[in-house]
Student: 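The structure follows.
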There are 2 protein chains.
Amino acid sequence: MVKISDVAHHAGVSPSTVSYVLSGKRSISDQTRRRVMDSIRALGYRPHAGARALASNRSNVIALVVPLRSGIHVPIVMQMVIAAVTTARTYDHDVLLLTQDEGVGGLERVAGSSLVDAIIVMDVELHDLRLPVLRSLERPSVLIGFPADPTGLTCIDWDFEAAGAACAEYLADLGHREIALIGAPPAVYERGTGFAERTKAGFQRAAAERGVDAVVRPCDPDNARAAADDLLRDHPGLTGIAVHNEPAVEPLLTAFRASGRHIPDDLSLVAIAPDDLAERLDLTSISIPAEELGRQAVVRLMEKLDGHQPPGATLLPSRLVVRSSTPAT
Amino acid sequence: MVKISDVAHHAGVSPSTVSYVLSGKRSISDQTRRRVMDSIRALGYRPHAGARALASNRSNVIALVVPLRSGIHVPIVMQMVIAAVTTARTYDHDVLLLTQDEGVGGLERVAGSSLVDAIIVMDVELHDLRLPVLRSLERPSVLIGFPADPTGLTCIDWDFEAAGAACAEYLADLGHREIALIGAPPAVYERGTGFAERTKAGFQRAAAERGVDAVVRPCDPDNARAAADDLLRDHPGLTGIAVHNEPAVEPLLTAFRASGRHIPDDLSLVAIAPDDLAERLDLTSISIPAEELGRQAVVRLMEKLDGHQPPGATLLPSRLVVRSSTPAT
DNA sequence: CAGGGGCGTGGGAGCGCTCCCAGATTCCGG
DNA sequence: CCGGAATCTGGGAGCGCTCCCACGCCCCTG
């Protein structure tokens with residue numbers, strides 16, 4: 001293995017100079033820098049990560065905790081993971097993958113052993129057990145999702161409140177007077193994941209502001225048919241629908257069709273869903289920028305590693321894309 | 001930070017003894033071991049990963065290279081990743097995530113800097129550019145997928161040949177005399193990913209052995225309708241279908257229904273697809289054991305790290321699960 | 001009772017790097 | 001011509017751990 005002293009010898013400088021050339025932590029004459037770089041290339045030198053971590057107290061690795069729960073749209077998670085890895089690389093960092101099931105112990109392990117410099121936790125719940133640990137850890141962290149009490153934490157998420165409001169406003173603008181939000185399965189509300197509640201709140205608030213009638217109904221994908229039938233029966237005047245439940249979208253479309261409603265002629269439908277799904281089904285949608293979230297989480301984390309204090313809370317805006325499930329205006 | 005000498009002092013032993021208690025590399029009296037463990041707990045000691053890696057020349061981290069290409073079923077990839085992480089943890093290892101787009105340089109980087117002890121590469125292609133690097137690396141690796149020339153490499157994959165054959169045999173056993181395999185999009189065959197060809201080969205071989213007529217047709221999910229119509233038109237006697245193309249499964253079902261064929265009465269259909277898809281659509285399927293593959297890849301890698309030489313090639317069997325898309329026997 | 005083999009433990013060099021503390025050289029103004 | 005600032009480089013301690021080399025003790029055998 002080529003070590004820093006080999007490079008130093010080859011270039012006719014001291015090991016410390018090689019180190020400084022690599023880190024840029026002090027000025028080096030152009031000539032010396034060039035000689036050192038040439039030697040590095042010639043010998044194929046790669047700094048030993050462990051030695052570096054030991055001496056500098058920085059591993060240049062961040063941990064990423066991915067969710068395991070079902071009910072999560074896997075491609076979205078994957079997009080965020082990929083974006084996080086890619087972004088971390090631009091900061092010369094690598095990503096260590098942890099799974100939810102290691103729980104609190106996993107966080108303590110990788111942080112305590114200095115395996116990682118910082119942590120990103122995906123899919124944070126309202127009363128997440130990991131919150132106290134993250135707060136007490138000596139290492140910076142960024143949460144994706146909002147807990148009930150984000151004090152002392154850096155959180156980032158989509159702005160579901162705004163997304164819900166945008167749906168209601170858009171439907172109201174189209175002239176609908178009775179609108180509905182078909183939401184997550186009941187279990188999601190019960191678990192208090194937060195995002196479901198926030199979408200609902202935004203939807204209801206905006207509807208009230210526009211003076212349109214709004215109903216909200218949870219929906220299990222397996223019972224999409226029943227949900228659709230119930231809604232149409234109980235609210236005959238219903239003409240605008242928002243759906244915030246990816247796996248239920250297709251069954252719902254089938255159910256509406258089966259009940260004789262045509263989209264967009266009889267019913268306007270806007271989905272809060274990832275672009276790939278909305279594109280495939282050609283639905284007007286509020287797009288969920290997954291890569292952006294993964295990217296931003298890393299950016300925030302790097303800010304913290306640099307000693308800056310980023311805002312405690314960031315809400316990423318989403319945008320409405322009009323497709324064929326609502327009438328052209 | 002608590003260091004090993006703190007623990008040693010607290011327990012009244014030498015640092016080396018603490019190290020040996022932790023590593024188990026030499027026998028320690030029960031009494032000493034207990035005292036040391038108590039001190040470790042009392043002080044909350046965690047060995048510094050970097051120092052460990054430096055002194056032992058082992059980082060206890062493995063790299064996992066995930067594919068980025070589209071056309072890959074994301075949930076399958078995620079299942080494998082999760083399984084790999086979980087399994088690695090049972091061997092006291094962590095997983096560093098790399099993306100395909102770092103290419104050959106990424107492998108050299110993490111291996112050369114001793115960041116990782118070993119590498120798993122997913123989605124290996126027939127003439128993968130990374131093969132020579134993996135062969136020359138001083139670190140063990142396991143490939144998921146089979147290249148054209150696996151010499152000197154450890155490869156593991158599903159047995160697509162057997163899966164294709166199983167489809168043909170099963171359909172033949174049901175009494176079908178004309179059967180078809182609807183395969184991957186044409187692009188996949190052209191890229192030479194291997195698995196598509198192997199499924200086809202197995203299907204055709206088994207069909208020939210049973211003396212039934214077999215046709216194979218690539219299929220783009222966007223043109224599923226055309227594929228179905230073509231097949232039914234050109235082969236009026238066709239009654240048995242195998243599908244090896246996840247995203248095309250649903251469109252194909254729709255297309256067959258639209259053409260007036262009822263499954264399973266007019267048409268038997270068996271899908272080579274992940275269980276979740278097959279369960280959802282209630283299809284007879286050859287299941288693709290994704291977690292098993294991720295798990296086995298890690299097991300193989302650990303064998304290599306332990307100095308054992310596992311078999312160069314492993315093909316994981318898959319099993320046929322009968323559901324409602326074929327007649328009950 | 002001497003000698004040898006097990007068993008349990010300590011000491012400490014060394015892993016490859018970073019970064020503090022100086023030292024050498026050059027350049028400028030007075 | 002000299003003092004001091006500015007610029008560049010070297011030396012080397014120390015990061016926390018592992019593992020080689022000993023050493024001390026006890027028990028068994030001849």
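Lettering follows sequence order; numbering is per chain, from 1.
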Student: Is there a side-chain contact between B/S113 and A/P47 (heavy atoms, below 4.5 Å)?
Tutor: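 Answer no - side chains too far apart.
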
Student: Does a salt bridge link B/D6 with B/K3, judged by any charged N lying under 4.0 Å from a carboxylate O?
Tutor: no

Student: Residues two or more places apart in sequence or in another chain: which of them pass salt bridge (charged side-chain N to carboxylate O under 4.0 Å, His left out) with A/R295?
Tutor: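 Scan of A/R295 (salt bridge (charged side-chain N to carboxylate O under 4.0 Å, His left out), adjacent residues dropped) gives A/E292.
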
Student: Need to verify one output field. Residue with the more 5' nearest nucleotide on DNA chain C, A/Y20 or B/S16?
Tutor: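 First, find each residue's nearest nucleotide; the 5'-ward one identifies B/S16.
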
Student: Decide yes or no for A/P75 and B/M78: does some side-chain heavy atom of the first lie under 4.5 Å from some side-chain heavy atom of the second?
Tutor: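 SC-SC contact between A/P75 and B/M78 ruled out.
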
Student: Of all nucleotides in DNA chain D with an atom under 4.0 Å from a non-hydrogen atom of chain B, which is the first and which the last going 5' to 3'?
Tutor: D/dG16 to D/dC21

Student: Report yes if the side chains of B/S19 and B/K25 come closer than 4.5 Å at any heavy-atom pair, otherwise no.
Tutor: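 The answer is no; the side chains never approach within 4.5 Å.
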
Student: Begin with the C-alpha distance, continue with both residues' side-chain angles, and end with the deciding distance and a verdict on side-chain hydrogen bond (donor to acceptor under 3.5 Å, both in side chains) for B/T87 and B/T90.
Tutor: CA-CA 5 Å; B/T87 309; B/T90 69; 5.7 Å; no

Student: Going by atom types only, do B/R139 and B/S114 share a side-chain donor-acceptor pair under 3.5 Å?
Tutor: yes

Student: In residues 25-43 of chain A, what residues come within less than 4.0 Å of DNA chain C, judged by heavy atoms?
Tutor: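 Those residues are A/K25, A/R26.
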
Student: Is B/D38 salt-bridged to B/R35, cutoff N-O under 4.0 Å?
Tutor: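 No.
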
